[in-house]
Amino acid sequence: MADNNEKQSLVSLIFSAPVLLGLVGVGCMIYGVAEGFKVMQFFFGVCIVLGSVGLHFIRKKDWDAHWAEMDQARQAHEKRMADEAEKKK
């Protein structure tokens, strides 16, 4: 059963959005070089590859933990501001 889950995760990894976008970007770069170095195709290929790498790292981040940390920081800031407002009175 675990082998099936690993195969599914490998297949889903191969056909994930960042990988497919990266392949499109590499294809654009290859096309730009093969056709006598067309700058725009190569440029867009580089942008697509960089975007897919960025998308990979964004999806890898633990967003629930991030938002919990941001909420704690907001609450601490609000408490500090309320304490300062009390001191001024």
Side-chain angles (χ1 to χ4, degrees):
M1 187 76 176
D3 293 331
N4 191 18
N5 288 338
E6 289 176 10
K7 287 180 183 177
Q8 286 179 343
S9 66
L10 179 62
V11 170
S12 65
L13 176 66
I14 291 172
F15 290 109
S16 67
V19 172
L20 292 177
L21 285 173
L23 290 174
V24 168
V26 169
C28 286
M29 289 190 307
I30 290 171
Y31 177 74
V33 171
E35 292 292 316
F37 196 72
K38 294 186 177 180
V39 176
M40 290 306 291
Q41 282 85 355
F42 189 78
F43 171 74
F44 284 125
V46 170
C47 289
I48 292 169
V49 169
L50 292 177
S52 69
V53 169
L55 181 61
H56 168 74
F57 286 117
I58 288 171
R59 285 187 170 187
K60 191 175 181 180
K61 187 172 177 79
D62 184 11
W63 287 103
D64 292 332
H66 171 73
W67 290 118
E69 180 183 321
M70 294 300 289
D71 193 38
Q72 288 175 351
R74 181 186 53 81
Q75 288 174 354
H77 177 70
E78 288 174 354
K79 185 178 186 294
R80 190 171 52 244
M81 293 304 286
D83 291 343
E84 287 180 12
E86 271 187 38
K87 279 185 181 179
K88 288 182 180 181
K89 290 182 181 181

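Across all their heavy atoms, C28 and I48 have their closest contact at SG-CD1, 4.3 Å.
Salt-bridge annotation for K79 and D83: present, with a side-chain N of the basic residue lying under 4.0 Å from a carboxylate O of the acidic one. Between R74 and D71 there is a salt bridge, with a side-chain nitrogen of the basic residue lying less than 4.0 Å from a carboxylate oxygen of the acidic one.
Here the CE-CZ distance, from M29 to F43, works out to 12.5 Å after rounding to the nearest 0.5 Å.
Other residues, nucleotides and ligands place no more than 12 heavy atoms under 6.0 Å from the NE2 atom of H77. Residue F57 qualifies as open at atom CZ: its count of foreign heavy atoms under 6.0 Å is 12 or below.
When the salt bridge (charged side-chain N to carboxylate O under 4.0 Å, His left out) test is applied to K88, no partner is found at least two apart in sequence or on another chain.
One hydrophobic cluster holds both V39 and V49 under the rule that ILVMFWY side chains link at heavy-atom gaps under 4.5 Å. W67 is connected to I58 through a chain of hydrophobic side-chain contacts under 4.5 Å among Ile, Leu, Val, Met, Phe, Trp and Tyr, so both are in one cluster. Note on I30: it clusters hydrophobically with L50, by side-chain heavy-atom contacts below 4.5 Å among ILVMFWY residues. Residues V46 and V26 share a single hydrophobic cluster, defined by chaining ILVMFWY side chains whose heavy atoms lie under 4.5 Å apart.
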